[in-house]
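Here is the structure we will look at.
Values in this document were obtained by computation on a predicted structure and should not be read as measured data. Sequential numbering from 1 along the given sequence is applied to the chain's residues.
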Amino acid sequence: MKQLFLFVFASCMMVLSLDAQHVRVIVPRWGGYGYCAPPPPPAVYYRAPQAYARPYARQRYYQRPQRPQRPQRPQRPVRPQYQAQPAAPAQAQAPKELRPTHRRYSRLQLQVGGGASHGFWNERQPWAGLNQDLLNFQGSAFLGIRLNRKRKKSNVLGVWREGGFHDGQQLNQLLTAQAIPEIAEAGDAVHGWQQTEVGIMLRDWFRISTGRGEINFTNDLGESSQVNFRTLTGGVYLRLGRHWKLNGNVTGLFGDDFATTAYRPSAGLTYVHNFWKR
């Protein structure tokens, strides 16, 4: 009995003498007959040796030293114009309203100009080339509103008012071509015409407009007569500097008292003024 007790005591001391770092379970299990049970396989008791090759590796991985913080940059001095201004007294005048960051162009556009028209041509009287005797003075005015104020060359919607003169020879040719049984007074007499159109200028350079017009003349009997017609105009405006434009237009005359369509070319110089930027 004494020998059995010594054997069991020695076995327990051998188990306790193992390296505690490599042992998962060190408490022996006792059997029912008073002797120490056989230990389980080493894979259950022992950890992988790679985990203990560098004992400080695990601690170094989870407790990484913090990086030193970068020193803060010194703040730049604020310019005087951007510093907060003290509150103005109640009696002082309120400051002007600040303008928006993006540029806004004028809302309205006014054009006033003059030029020359070159007679008429139609199906019965085709274009015969430039003739100095067929040139007549005409004037025009335009008032429009810009549709997009953020763009310099935007569409402008407006109204044209134009007028001019024709001599008796040109007007008689027009009346004959339109089968109008009247004869205009010839000689040095001049006869006026006028028209009003509504349209748009695309990108501030291409004109498309339509409206109505009339020609007032004196016939060979000394009586005043009038011929009405409808108009359709297309033209091109070329900018010459900041306030001037060179324009060329072709106007079609049709309807009402006209039996066929007649065309009247014209060219001139226009002064442009933009205003009302609010």
Side-chain angles (χ1 to χ4, degrees), residues 96-123 127 130 134-166 174 192-216 227-258 260-278:
K96 295 183 179 180
E97 183 180 1
L98 297 178
R99 294 183 178 181
T101 56
H102 56 270
R103 182 175 181 181
R104 288 181 174 270
Y105 295 91
S106 301
R107 189 183 303 271
L108 297 181
Q109 183 178 107
L110 176 65
Q111 299 183 12
V112 179
S117 61
H118 187 273
F120 300 93
W121 88 84
N122 48 38
E123 297 177 356
W127 175 260
L130 185 62
L134 300 179
L135 295 178
N136 297 283
F137 173 78
Q138 73 169 25
S140 64
F142 169 77
L143 179 62
I145 181 171
R146 191 184 301 272
L147 301 182
N148 187 357
R149 298 180 60 191
K150 297 181 181 180
R151 301 180 60 179
K152 184 177 181 180
K153 294 183 179 181
S154 64
N155 300 335
V156 183
L157 183 66
V159 181
W160 280 269
R161 180 69 175 178
E162 297 177 332
F165 301 96
H166 295 300
L174 178 64
W193 62 271
Q194 56 186 356
Q195 64 186 34
T196 303
E197 294 183 337
V198 178
I200 187 172
M201 290 189 64
L202 301 176
R203 303 281 293 180
D204 201 16
W205 74 277
F206 186 76
R207 169 185 173 181
I208 299 177
S209 59
T210 183
R212 302 179 66 93
E214 60 184 23
I215 300 176
N216 300 313
V227 176
N228 300 320
F229 52 87
R230 300 181 182 181
T231 62
L232 178 63
T233 303
V236 176
Y237 286 68
L238 302 179
R239 183 175 293 275
L240 299 177
R242 182 178 180 183
H243 294 288
W244 295 96
K245 287 185 178 181
L246 182 65
N247 64 80
N249 303 307
V250 176
T251 303
L253 292 71
F254 59 94
D256 291 347
D257 297 335
F258 277 39
T260 60
T261 303
Y263 300 94
R264 180 181 63 230
S266 62
L269 189 64
T270 304
Y271 175 79
V272 182
H273 178 65
N274 299 307
F275 59 98
W276 194 25
K277 291 188 177 182
R278 293 184 179 180

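Counting only heavy atoms from C-beta outward, the side chains of Arg264 and Asn136 never approach each other to under 4.5 Å. Between Val236 and Trp205 the shortest side-chain heavy-atom distance falls below 4.5 Å. Residues Phe142 and Thr270 have side chains not in contact (no heavy-atom distance under 4.5 Å, counting atoms from C-beta outward). Contact check for Arg107 versus Ile145: side-chain heavy atoms found under the 4.5 Å cut-off. Proximity of Ser154 to Leu147: side-chain heavy atoms (C-beta onward) are nowhere separated by under 4.5 Å. Side-chain contact between Leu269 and Leu240 is present, with at least one heavy-atom pair separated by less than 4.5 Å. Annotation: side chain of Trp244 is in contact with side chain of Tyr271 (closest heavy-atom distance under 4.5 Å). Residues Thr196 and Val159 meet the side-chain proximity criterion, which asks for heavy atoms closer than 4.5 Å.
Between Phe120 and His166, the ring-plane angle classifies as tilted under the 30° and 60° cut-offs.
Pairs of residues two or more places apart, or lying in two chains, never qualify as salt bridge (Lys or Arg N to Asp or Glu O under 4.0 Å) while including a residue from residues 140-149.
Glu197 pairs in a side-chain hydrogen bond (donor to acceptor under 3.5 Å, both in side chains) with only one of the listed residues (Arg161, Arg207, Arg230), which is Arg207.
Taking the six-membered ring where the residue is Trp, the centroids of Trp193 and Phe165 are separated by 6.0 Å or more.
Annotation: the span from Tyr263 atom OH to Trp121 atom CH2 amounts to 8.0 Å, rounded to 0.5 Å.
A salt bridge between Asp204 and Arg239 is present, with a side-chain N of the basic residue lying under 4.0 Å from a carboxylate O of the acidic one.
Using a distance-only test at 3.5 Å, with no hydrogens or angles considered, no donor-acceptor pair links the side chain of Asn249 to the main chain of Ser266. Remark: the backbone N or O of Gln109 is not paired with any side-chain donor or acceptor of Asn274 at under 3.5 angstrom. Here the side chain of His243 pairs a donor or acceptor atom with the backbone of Val272 at under 3.5 angstrom. The main-chain N or O of Gly199 is never found under 3.5 Å from a side-chain atom of Ser209 such that the two would form a donor-acceptor pair.
Using modelled atom types and a 3.5 Å distance limit, the side chains of Gln195 and Thr231 yield no donor-acceptor pair.
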